[in-house]
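This report concerns only the one structure given below.
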Amino acid sequence: MMHLTGLYSVPLALMMMGLSAHVSVLRGKTAISILDGGNMALAERIRRHGNFAENVPTALLLMAFAEASTTAHLWTHAAGLALLAGRILHPLGLFHDRPVTAARIAGGSLTWLSMLISMVNIVLAQWGT
């Protein structure tokens with residue numbers, strides 16, 4: 001059982017639901033059913049949701065594999081906390097007219113760091129000393 005990965009998956013699932021609802025609310029207000037209809041605010045919301053959906057499943061899967069390979073709990077927590085922090089920061093810094101923001105860079109970097117921590121632990125568990 002991957003208790004720690006499960007623990008981190010709950011707030012991340014709530015974030016996913018929040019990002020999805022954020023898109024749906026604006027779709028309802030604008031009556032745009034498919035794509036973004038040229039509405040930049042909707043495009044930004046769609047992209048925030050999409051980036052989350054593109055990255056979080058892989059990060060959680062890597063965490064689960066690392067935890068299942070008897071990675072020390074400290075490393076699973078490190079990966080989980082980096083992922084949570086990264087996923088909170090990233091959408092706060094994602095704007096169409098500001099391609100580089102501190103929150104976007106930090107959010108993306110922390111997400112990658114989370115994946116890297118898990119990947120290193122998987123490799124060490126399989127082929128390490």
Side-chain angles (χ1 to χ4, degrees):
M1 187 76 168
M2 283 141 302
H3 299 286
L4 296 179
T5 301
L7 176 70
Y8 288 100
S9 71
V10 171
L12 289 162
L14 289 170
M15 284 184 215
M16 179 69 158
M17 292 169 66
L19 289 168
S20 179
H22 203 226
V23 171
S24 296
V25 165
L26 191 52
R27 283 195 185 285
K29 288 180 181 177
T30 60
I32 299 170
S33 176
I34 302 294
L35 300 174
D36 61 36
N39 183 310
M40 197 50 67
L42 181 57
E44 285 178 351
R45 290 181 187 195
I46 291 168
R47 195 63 233 126
R48 288 178 188 122
H49 177 259
N51 187 278
F52 191 98
E54 293 161 2
N55 285 282
V56 172
T58 301
L60 283 174
L61 190 60
L62 288 167
M63 278 179 61
F65 287 145
E67 187 176 2
S69 5
T70 65
T71 293
H73 290 321
L74 174 68
W75 289 113
T76 304
H77 280 301
L81 290 170
L83 183 59
L84 275 174
R87 293 295 88 199
I88 289 168
L89 289 170
H90 190 269
L92 297 175
L94 186 62
F95 300 98
H96 76 281
D97 58 346
R98 289 181 278 157
V100 179
T101 65
R104 184 177 187 177
I105 292 168
S109 297
L110 285 167
T111 299
W112 288 3
L113 177 62
S114 170
M115 290 189 219
L116 185 60
I117 289 168
S118 294
M119 288 185 286
V120 166
N121 280 286
I122 292 166
V123 170
L124 289 177
Q126 295 299 315
W127 297 286
T129 55

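Values reported hereafter were calculated over all heavy atoms of this structure, with side chains retained and with hydrogens, waters and symmetry mates removed.
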Around Phe95, counting heavy atoms of other residues, nucleotides and ligands shown, do more than 12 lie under 6.0 Å from its CZ?
yes
Listing request: all side chain to side chain donor-acceptor pair (under 3.5 Å) pairs with a residue in residues 33-42, at least two apart in sequence or in separate chains.
none
Counterpart residues, side-chain contact (heavy atoms from CB on, under 4.5 Å), relative to Ala21 (two or more places apart):
none
Among all residues two or more places apart in sequence or in another chain, which pass the ring-ring contact (aromatic ring centres under 6.0 Å, His included) test with His73?
none
List the atom pairs, with distances to 0.1 Å, where a side-chain N or O of residues 115-123 and a protein N or O form a donor-acceptor pair under 3.5 Å, not counting sequence neighbours.
{"unit_1": "Ser118", "atom_1": "OG", "unit_2": "Ser114", "atom_2": "O", "d": "3.4"}
{"unit_1": "Asn121", "atom_1": "ND2", "unit_2": "Ile117", "atom_2": "O", "d": "2.7"}

List the residues meeting side-chain contact (heavy atoms from CB on, under 4.5 Å) with Ile88, not counting sequence neighbours, and say none if there are none.
Met15, Leu92
Between OG of Ser9 and CE of Met16, what distance do you get to the nearest 0.5 Å?
13.0 Å
Among residues two or more places apart or on two chains, list those pairs meeting salt bridge (charged side-chain N to carboxylate O under 4.0 Å, His left out) that have a residue in residues 77-106.
none
Out of curiosity, does Leu62 fall in the hydrophobic cluster containing Leu124 (side-chain heavy atoms, cut-off under 4.5 Å, transitive links)?
yes
Quick one: side-chain hydrogen bond (donor to acceptor under 3.5 Å, both in side chains) partners of Asn55, sequence neighbours excluded?
Asn51
Where at least one partner belongs to residues 40-53, residue pairs that pass salt bridge (charged side-chain N to carboxylate O under 4.0 Å, His left out), sequence neighbours excluded
Glu44-Arg48, Arg47-Glu54
If Ile, Leu, Val, Met, Phe, Trp and Tyr residues are connected whenever their side-chain heavy atoms lie under 4.5 Å apart, and connections chain through other members, are Val56 and Leu84 in the same group?
yes
Interatomic distance, CG@Leu7 vs CE@Met2, rounded to 0.5 Å, equals 13.5 Å
Can you list the residues that meet the side-chain contact (heavy atoms from CB on, under 4.5 Å) rule with Ala13, with sequence neighbours excluded?
none
Do Thr111 and Leu83 have side chains that get closer than 4.5 Å, going by heavy atoms?
yes
Please list all pairs passing the salt bridge (charged side-chain N to carboxylate O under 4.0 Å, His left out) test where one or both residues lie in residues 74-84, with sequence neighbours left out.
none
Do you know which of Val23, Leu26, Leu35 makes side-chain contact (heavy atoms from CB on, under 4.5 Å) with Ile46?
Val23
Kindly write out the residues that satisfy side-chain hydrogen bond (donor to acceptor under 3.5 Å, both in side chains) with Thr5, not counting sequence neighbours, or none if the list is empty.
Glu67
Closest approach of Leu110 to Ala85 (non-hydrogen atoms, all atoms of both residues):
CD1-CB, 3.9 Å
Got a second to check how far Leu81's CG is from Leu113's CG, nearest 0.5 Å?
11.0 Å
Only pairs at least two apart or in different chains count here, so list each ring-ring contact (aromatic ring centres under 6.0 Å, His included) that has a residue in residues 1-52.
Tyr8-His77
